[in-house]
Structure formats: structure tokens, C-alpha cells
Amino acid sequence: MKEEPAKKNFFEDVYAVVRLIPSGRVTSYGAIASYLGSKGSARMVGWALIASQPFASIPAHRVVNRNGLLTGRQHFEEPDAMQRRLEEEGVRVENNQVANFTELFWDPAKELL
DNA sequence: CCAGTGACGGCTA
DNA sequence: TTAGCCGCCACTG
């Protein structure tokens with residue numbers, strides 16, 4: 001069975017941070033990547049979230065890009081699931097973009113400090 | 001083995 | 001200011 005390399009640790013780390021995101025808050029891929037020390041590899045965070053899809057315990061819908069755009073909504077079970085969940089938590093979303101993104105932004109390097 | 005793609009982000013023109 | 005390119009790392013074809 002193709003055992004996975006230590007790289008999996010990176011995935012677990014991403015999941016840990018995402019799970020710590022408070023309800024009604026959002027963060028960005030780059031913020032998580034930077035917090036993990038892999039700043040610049042925000043794409044890996046996104047890739048990790050794809051793997052987190054089967055894990056409902058991970059609020060991946062709280063993770064958006066630097067612009068606050070729900071870029072990954074197409075990867076959810078339903079394209080509208082991401083926006084719908086955010087609104088459920090009180091996050092206002094307009095045109096696939098999080099309103100007051102700057103206020104709702106949750107930086108693990110500062111909040112989770 | 002090599003090339004292209006991708007839930008991104010920062011820099012340069 | 002806006003638009004475009006490159007860079008990071010992993011996976012697929």
C-alpha cells in the first residue's frame with residue numbers, strides 16, 4: 001500500500017489550523033501557508049483542502065483566497081455549499097466574495113498566536 | 001522523463 | 001490603477 005511520505009504532516013497541519021478558525025471568520029491560503037512556514041506555497045494549502053473534502057470536520061468553506069473570493073466553491077459537493085455555509089455562520093457573501101473580508105479575516109499568525 | 005495544470009500570492013510593466 | 005508573468009510544490013497525462 002503506497003504509504004504516504006512525511007508530506008502528510010503538512011496536510012494534517014493545514015487541517016489543524018482550519019479547524020481552529022472560529023465561526024463567522026475566514027482566512028486565506030497564504031496566511032495558513034505562511035503560518036506553516038511554507039509561505040509562497042499557498043497552492044499546497046488549497047491542494048490539502050481538496051484532500052480535506054471527505055473530512056467534514058474541516059470547515060474548508062472558511063478558507064478563501066487573498067481577495068476573499070470563494071475560488072474553491074466549485075470543488076465542494078455543491079458549488080453553492082461554500083457560500084451557503086458562510087452565510088449560515090453570519091458571513092455575508094456577495095458575488096462569490098466575502099463582504100467585510102478585512103474585518104472577518106482571521107490570521108493564525110496573530111489570532112492563533 | 002517531460003510538460004501542463006492548479007482552492008494562490010507577490011512583483012513588474 | 002489594472003493587467004500580466006513568474007514562482008512554489010504536488011499530481012496527472
Side-chain angles (χ1 to χ4, degrees):
Chain A
M1 65 180 192
K2 301 293 184 62
E3 70 291 329
E4 294 149 33
K7 168 183 47 185
K8 188 171 185 289
N9 186 359
F10 179 78
F11 277 53
E12 294 289 331
D13 204 357
V14 174
Y15 302 155
V17 177
V18 175
R19 260 183 264 184
L20 292 171
I21 301 173
S23 180
R25 292 279 185 160
V26 292
T27 188
S28 63
Y29 307 95
I32 297 172
S34 180
Y35 180 73
L36 297 178
S38 297
K39 64 178 184 181
S41 50
R43 291 182 158 169
M44 303 301 89
V45 177
W47 202 258
L49 292 183
I50 295 174
S52 80
Q53 259 294 296
F55 303 93
S57 306
I58 303 172
H61 60 271
R62 291 180 189 157
V63 185
V64 296
N65 71 353
R66 209 303 270 172
N67 288 313
L69 288 170
L70 286 59
T71 48
R73 71 185 207 157
Q74 185 63 54
H75 288 260
F76 275 75
E77 299 174 90
E78 293 182 30
D80 297 333
M82 192 173 186
Q83 180 174 341
R84 191 168 59 203
R85 281 187 174 181
L86 287 170
E87 292 187 328
E88 275 294 309
E89 299 185 349
V91 178
R92 190 156 52 89
V93 179
E94 295 189 10
N95 193 13
N96 304 330
Q97 185 173 13
V98 177
N100 307 331
F101 174 67
T102 310
E103 295 180 30
L104 299 176
F105 184 60
W106 182 82
D107 189 343
K110 295 178 181 177
E111 307 290 337
L112 182 63
L113 181 55

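Chain letters run A, B, ... following the sequence lines, proteins first and then strands; every chain starts at 1. Since this is a predicted model, take the numbers as computed values, not measurements.
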Peer 1: With no hydrogens and no angle check, is any side-chain donor or acceptor of Ser28(A) less than 3.5 Å from a backbone partner on Ala31(A)?
Peer 2: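 Pair found, side chain donor or acceptor close to backbone of Ala31(A).
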Peer 1: Could you state the atom-to-atom distance from CZ of Phe11(A) to C1' of dA10(C) in whole Å?
Peer 2: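 Those two atoms, CZ and C1', are 8 Å apart.
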Peer 1: Could you check whether Glu111(A) pairs with Arg25(A) (Lys NZ or Arg NE/NH1/NH2 to Asp/Glu carboxylate O, under 4.0 Å)?
Peer 2: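 No, this pair does not count.
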Peer 1: Between P on dA7(B) and CD on Gln74(A), what's the gap in Å once rounded to a whole number?
Peer 2: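 From Gln74(A) CD to dA7(B) P: 9 Å.
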Peer 1: Of the nucleotides dC11(C), dC9(C), dA7(B), which one has an atom closest to the side chain of Trp47(A)?
Peer 2: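 For Trp47(A), the side-chain atoms sit closest to dC11(C).
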Peer 1: Count I, L, V, M, F, W, Y as connected when their side-chain heavy atoms are under 4.5 Å apart, and connections chain through other members. Are Phe11(A) and Val63(A) then in the same cluster?
Peer 2: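 Yes, Phe11(A) connects to Val63(A) through the hydrophobic network.
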Peer 1: Is there a donor-acceptor pair under 3.5 Å between the side chain of Asp107(A) and the backbone N or O of Ala109(A)?
Peer 2: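 The answer is yes, because a donor-acceptor pair under 3.5 Å joins these two groups.
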Peer 1: For Arg66(A) and dG6(B), what is the distance between atoms CZ and P respectively, to the nearest whole Å?
Peer 2: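 Rounded to the whole Å, the gap is 22 Å.
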Peer 1: Closest to the Ser41(A) side chain: dC9(C), dG6(B), dA7(B)?
Peer 2: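 That would be dC9(C).
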Peer 1: Can you tell me the distance, in whole Å, between the OH atom of Tyr29(A) and the C1' atom of dA10(C)?
Peer 2: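 One finds 17 Å between C1' of dA10(C) and OH of Tyr29(A), rounded.
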Peer 1: Ignoring the backbone of Met44(A), work out which of dG9(B), dC9(C), dA7(B) is nearest its side chain.
Peer 2: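 The nucleotide sitting nearest to the side chain is dC9(C).
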Peer 1: Rounding to a whole Å, what distance do you find between Glu77(A):CD and dA7(B):P?
Peer 2: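 Taking atom P of dA7(B) as the reference, CD of Glu77(A) is at 17 Å.
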Peer 1: What distance, rounded to whole Å, do you find between the two P atoms, one in dT2(C) and one in dA7(B)?
Peer 2: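 Their P atoms lie roughly 25 Å apart.
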Peer 1: Rounded to whole angstroms, how far apart are CG on Leu49(A) and P on dG6(B)?
Peer 2: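 Spelled out: CG on Leu49(A) to P on dG6(B) is 17 Å.
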Peer 1: Without decimals, in angstroms, what is the distance between Asn67(A) CG and dA3(C) P?
Peer 2: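 Checked: the CG to P distance equals 12 Å.
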Peer 1: Do the non-hydrogen side-chain atoms of Asn96(A) and Gln83(A) ever get within less than 4.5 Å of each other?
Peer 2: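 They are in side-chain contact.
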Peer 1: What nucleic acid atoms does Ser28(A) come within less than 4.0 Å of, heavy atoms only: base, sugar-phosphate, or nothing?
Peer 2: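 Answer is sugar-phosphate: Ser28(A) comes under 4.0 Å of backbone atoms only.
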Peer 1: Hey, does Ala60(A) reach any base, or is it just sugar-phosphate, or nothing, if we go heavy atoms under 4.0 Å?
Peer 2: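 Answer is base: heavy atoms of Ala60(A) come under 4.0 Å of a base.
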Peer 1: Measure from NE2 on His75(A) to P on dC11(C) and round the result to the nearest Å.
Peer 2: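 Answer to the nearest Å: 16 Å.
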